[in-house]
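Below is one structure, written out as structure tokens, with a few remarks after it.
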Amino acid sequence: MGVYADHAATTPLDPAALDAMIPFLSGNYHNPSSLYAKGRAVRNAIEEARALIAGYLGCDSGEIYFTSGGTEAANLAVLGAVRSAGRKGRVLIGATEHYAVGKAAAALVKEGFSVVTVPCDGLGRITPEALARNITDDTVLVSIMWANNETGMIQPIGELCRVARRHGAIFHTDAVQALGSQRIRVDESGIDLLSISSHKIYGPKGCGALFIRRGTPIAPIIYGGSQEKHIRAGTENPAAVAGFGKAVELLSAERESRVKSQRLIARRFMEKIAGTPGILCNSPQDLVVPGFISLSIAGVESEPLLLLLGASGIDASMGAACNAETIEPSFVLRAMGVPKSHIHGSVRFSFGKDNTFEDADFAADTLTAVIRRLRKLN
Ligand code: PLP
């Protein structure tokens, strides 16, 4: 038996998304900027996907900009908005941001901006109070992720956005891990910029989008042609965009049932491992993306744990928990204050829409057996 429990890393391509892509990988290969009919047909497919995604998020098609993925969308948001704001000031990011935001913000330090990290609490939450303590009226941008990629922790984005807007700051949220489960309506919030990625919702890899609220200042970070209304140069990837559109269409029909089933599967897994001592759960199930389970386990190391799980057919990961070169524990778990006794044995399971109770049972039983085996060796 094999169980894929690493959906936070990436999801399998839905067959319907693949079907939507195929025409643009073969017969309809034409450049969407061409004026002849075949080029215009490809353009129409891109615009259909854009309209679909805009409809799902509650914005105008003209506010969706396709990118090469979540990383580029977040880079464009952070670098593009701050550089075009026309003033030097403070950039605030959450303590648990993905490197797509963290490293982009770090690059701004060299350009004269001061980057401040808003601390999280013991559960990895960035509270509106913590943001309020750090924000100043010269804050140009606040960037706080909607859901964390290691623990699944969901942030109070509406309230955080209101704090940012009160101080005249632009608000960006990296919603890459939130898109698959959270109800996201930019028309009901003041979010200025929102990054999403296709491959976390059963669409193809290498495709994402940035929502840019009309009127938000943004400068391109890639120079070239006039694609994506001069904001993102480069020939579009029509197949990937069509696959992303289809994945969003499926999500729109299935989000609630996916959430329900992933929540039940994760709970089943948690019940099964409850009897094993020395396990801390970094993903309180009521507060995280359904299906996410980050664990820190005393008396074991992440690497052998994952290798033995893998050898038994369970594909899980450290999240971004360890940097393979340095074997440093995750900065996210450190920021949350996970104790030294447990942090080196951190592992992330992330269940998806096609996992079953049998998968949860097998993964949980295998995990407890592997923990017992490693503890005996240590
Ligand atoms: N932001 C978060 C929270 C993520 O989890 C990821 C991917 O793991 C990204 C950004 C980057 O997205 P992509 O892989 O599409 O570049």
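Throughout, residue positions are numbered sequentially from 1 according to the sequence presented. All ligand and atom numbering here is 1-based and tracks the order in the structure.
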Original post:
Where is the tightest heavy-atom contact between D19 and P23, given as atom of each residue plus distance?
Top reply: O-CD, 3.3 Å
Original post:
Considering only heavy atoms of M145, which atoms of ligand 1 have at least one such atom less than 4.0 Å away?
Top reply: 3 (C)
Original post:
Aromatic rings F331 and Y99: how do their planes relate, parallel, tilted or perpendicular, breaks at 30° and 60°?
Top reply: tilted
Subject >> Atom indices of ligand 1 within 4.0 angstrom of T71 heavy atoms, with elements >> reply: 11 (C), 12 (O), 13 (P), 16 (O)
**OP:** Answer with yes or no whether the hydrophobic clustering places F349 together with L308; edges join I, L, V, M, F, W, Y residues whose side-chain heavy atoms lie under 4.5 Å apart.
**Re:** yes
**OP:** Quick one: look up the protein heavy atom nearest atom 5 (O) of ligand 1 and list residue, atom name and how far away it is.
**Re:** Q177 NE2, 2.8 Å
Original post:
Once the angle between the rings of Y4 and H7 is folded into 0 to 90°, is it parallel (under 30°), tilted (30 to 60°) or perpendicular (over 60°)?
Top reply: perpendicular
Subject >> Identity and distance of the protein heavy atom lying nearest atom 8 (O) of ligand 1 >> reply: K200 NZ, 2.6 Å
**OP:** Mind listing the closest non-hydrogen atom pair of R375 and G299 along with its distance?
**Re:** CG-O, 3.7 Å
Subject >> Where ligand 1 meets G69 - atom numbers and elements under 4.0 angstrom, heavy-atom basis >> reply: 15 (O)
Original post:
What residue and atom, counting heavy atoms only, is the protein's closest point to atom 13 (P) of ligand 1, and at what distance?
Top reply: G70 N, 3.5 Å
Subject >> Within reach of ligand 1, part of D174 (heavy-atom separation under 4.0 Å) >> reply: side chain
Subject >> N or O pair under 3.5 Å between A9 and ligand 1 >> reply: no
**OP:** Under 4.0 Å from a heavy atom of S197: give me the atoms of ligand 1 that qualify, with their elements.
**Re:** 13 (P), 15 (O)
Original post:
Considering only heavy atoms, does K205 approach ligand 1 within less than 4.0 Å through its side chain, its backbone, both, or neither?
Top reply: neither
Original post:
Does ligand 1 have any atom sitting under 4.0 Å from a heavy atom of E72?
Top reply: no
Subject >> Taking atom 14 (O) of ligand 1 as the reference point, the nearest protein heavy atom with its distance >> reply: H199 NE2, 2.9 Å
Subject >> Nearest heavy-atom neighbours spanning K205 and H199 >> reply: CG-CB, 3.5 Å
Subject >> Face-on cation placement of R268 at F357 ring, 6.0 Å and 45° thresholds >> reply: yes
Subject >> NZ (K229) with more than 12 external heavy atoms under 6.0 Å >> reply: yes
Original post:
Which residue owns the protein heavy atom closest to atom 6 (C) of ligand 1, what's the atom, and how far is it?
Top reply: H98 NE2, 3.4 Å
Subject >> For R232 against I222, the heavy-atom pair lying closest together >> reply: NE-CD1, 4.1 Å
